[in-house]
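To start, the structure under review is shown below, and the notes come after it.
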Amino acid sequence: WMSGLDRFHLVDVGTSAGLNLLLDKYHYRWGGFEWGPESPVSLVGQVRGNLPEPVDIEILGRTGIDLNPIDPTRPEERRWLESLVWPEHNERRDRLHSALELASQVEMDLVVGDVLQVLPDVLDTIPDGTPVLIMNSFVLNQFTDEQRSEFERLVLAGSSERVIRSVSMEAGSGSRAVAILSVDRGEGLRQVGVGHHHGEWVDFDPTKLTDH
């Protein structure tokens, strides 16, 4: 994992219903890799290349930022989100339903607003000395180059006040029909893997990693 970051406050950018904020509440089974508690949500896929090493973590708080967050406790909002799943993807729909049920039971703070405007205030609400992990998944493709630069500047500015690390999973550019997994362990974002957009597989083979 990341050195010195097994306990942290999780901030999810473009959070929708906050499902990524529950990453420690799911059970993962990717080939020989298994991690997480017993859970109604099981994420099963294939690992190619190096296997990750499981590490216990503790999420101290959960904050999601979105222009229009989905309230998982409201049936009409849940139905709208479920309607976005392709009709033939019954397994994905069932998994989403289970995740929404779980999200409705977990305490989280969903912040309405543009991350470029509200991120500094969000960071200010987190207790001093608490490390922060900022996560984004299929969000930056909606940003202009200038907005991406501003987002990076805000994260860097926040890291002058506390430990901040980042995990990013974004669509590859050009003809690369894969998702790019990158992490920042304090030295800037570095690509560590590629994966299927819906999580069917992830590849940690370093010989296949290229800049995006």
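Note that this is a predicted model, so its numbers are computed, not measured.
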Any chain of hydrophobic side-chain contacts (each under 4.5 Å) joining I126 to V155?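 Yes, same cluster.
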Sequence neighbours excluded, which residues qualify as side chain to side chain contact (heavy atoms under 4.5 Å, CB included) partners of L189?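 Residues passing side chain to side chain contact (heavy atoms under 4.5 Å, CB included) with L189: S166, S168, S182, D184.
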Which atoms form the tightest heavy-atom contact between [X] and [Y], and what is the distance?
{"X": "V178", "Y": "W201", "value": "CG1-CH2, 3.9 Å"}
{"X": "L81", "Y": "A17", "value": "CD2-CB, 3.9 Å"}
{"X": "L22", "Y": "A99", "value": "CD1-O, 4.0 Å"}
{"X": "L19", "Y": "Y26", "value": "O-OH, 2.7 Å"}

D203 side-chain N/O to V194 backbone N/O, donor-acceptor pair under 3.5 Å: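 Not at all, since once roles are kept as given, no pair shorter than 3.5 Å links the two residues.
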Strictly distance-based, threshold 3.5 Å: is any side-chain N or O of E77 a donor or acceptor partner for the main-chain N or O of D71?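 Yes.
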Please determine whether side-chain contact (heavy atoms from CB on, under 4.5 Å) holds for the pair L43 and R95, giving the CA-CA distance in whole Å, both sets of side-chain angles, and the decisive distance to 0.1 Å. CA-CA 9 Å; L43 302 179; R95 187 165 57 241; 3.5 Å; yes
Within-4.5 Å side-chain heavy-atom neighbours: [X] and [Y]:
{"X": "F8", "Y": "V132", "value": "no"}
{"X": "F204", "Y": "L181", "value": "yes"}
{"X": "M135", "Y": "V13", "value": "no"}
{"X": "L100", "Y": "H97", "value": "no"}

List, by chain and number, the other hydrophobic cluster members for L156, where Ile, Leu, Val, Met, Phe, Trp and Tyr join if side-chain heavy atoms come within less than 4.5 Å, directly or indirectly.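 Its cluster partners, ordered by chain and number, are none at all.
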Qualifying ring-ring contact (aromatic ring centres under 6.0 Å, His included) pairs, either residue in residues 36-82, two or more places apart: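 As it turns out, there is no ring-ring contact (aromatic ring centres under 6.0 Å, His included) pair with a partner in residues 36-82 once direct neighbours are skipped.
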Tell me which pairs pass ring-ring contact (aromatic ring centres under 6.0 Å, His included) where either residue lies in residues 100-144, with sequence neighbours left out.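 The answer is F138-H197.
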For [X], give me all partners under side-chain hydrogen bond (donor to acceptor under 3.5 Å, both in side chains), at least two apart in sequence or on another chain.
{"X": "N90", "answer": "R93"}
{"X": "D94", "answer": "none"}
{"X": "H196", "answer": "none"}
{"X": "H198", "answer": "none"}

Please, which pairs that meet side-chain hydrogen bond (donor to acceptor under 3.5 Å, both in side chains) have at least one residue in [range], sequence neighbours excluded?
{"range": "residues 112-124", "result": "none"}
{"range": "residues 30-46", "result": "H27-E34"}
{"range": "residues 151-162", "result": "E150-R153"}

Please determine whether side-chain contact (heavy atoms from CB on, under 4.5 Å) holds for the pair L23 and Y28, giving the CA-CA distance in whole Å, both sets of side-chain angles, and the decisive distance to 0.1 Å. CA-CA 10 Å; L23 63 88; Y28 303 81; 3.6 Å; yes
Donor-acceptor contacts, no H, no angles, side chain residues 101-112, under 3.5 Å, sequence neighbours left out:
residue: E101; atom: OE2; partner: R78; partner atom: NH1; Å: 3.4
residue: E101; atom: OE2; partner: R78; partner atom: NH2; Å: 2.5
residue: S104; atom: OG; partner: E101; partner atom: O; Å: 2.6
residue: Q105; atom: NE2; partner: E101; partner atom: O; Å: 3.2

More than 12 heavy atoms of other residues, nucleotides or ligands under 6.0 Å from [atom1] of [X]: yes or no?
{"X": "E76", "atom1": "CD", "answer": "yes"}
{"X": "E88", "atom1": "CD", "answer": "yes"}
{"X": "R92", "atom1": "CZ", "answer": "yes"}
{"X": "N141", "atom1": "CG", "answer": "yes"}

Intermediate values then yes/no, side-chain contact (heavy atoms from CB on, under 4.5 Å), I65 and D12: CA-CA 6 Å; I65 302 173; D12 183 32; over 6 Å; no
Just do the side-chain contact (heavy atoms from CB on, under 4.5 Å) check on F151 and I134 with the steps written out, would you? CA-CA 11 Å; F151 176 60; I134 297 178; 4.2 Å; yes
Report the residue from T63, T130, T125 that forms a side chain to side chain donor-acceptor pair (under 3.5 Å) with H9.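 Result: among T63, T130, T125, T63 is the only option passing the side chain to side chain donor-acceptor pair (under 3.5 Å) with H9.
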Under a 4.0 Å threshold between the charged nitrogen and the carboxylate oxygen, would D24 count as salt-bridged to R62?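 Yes, R62 and D24 are salt-bridged.
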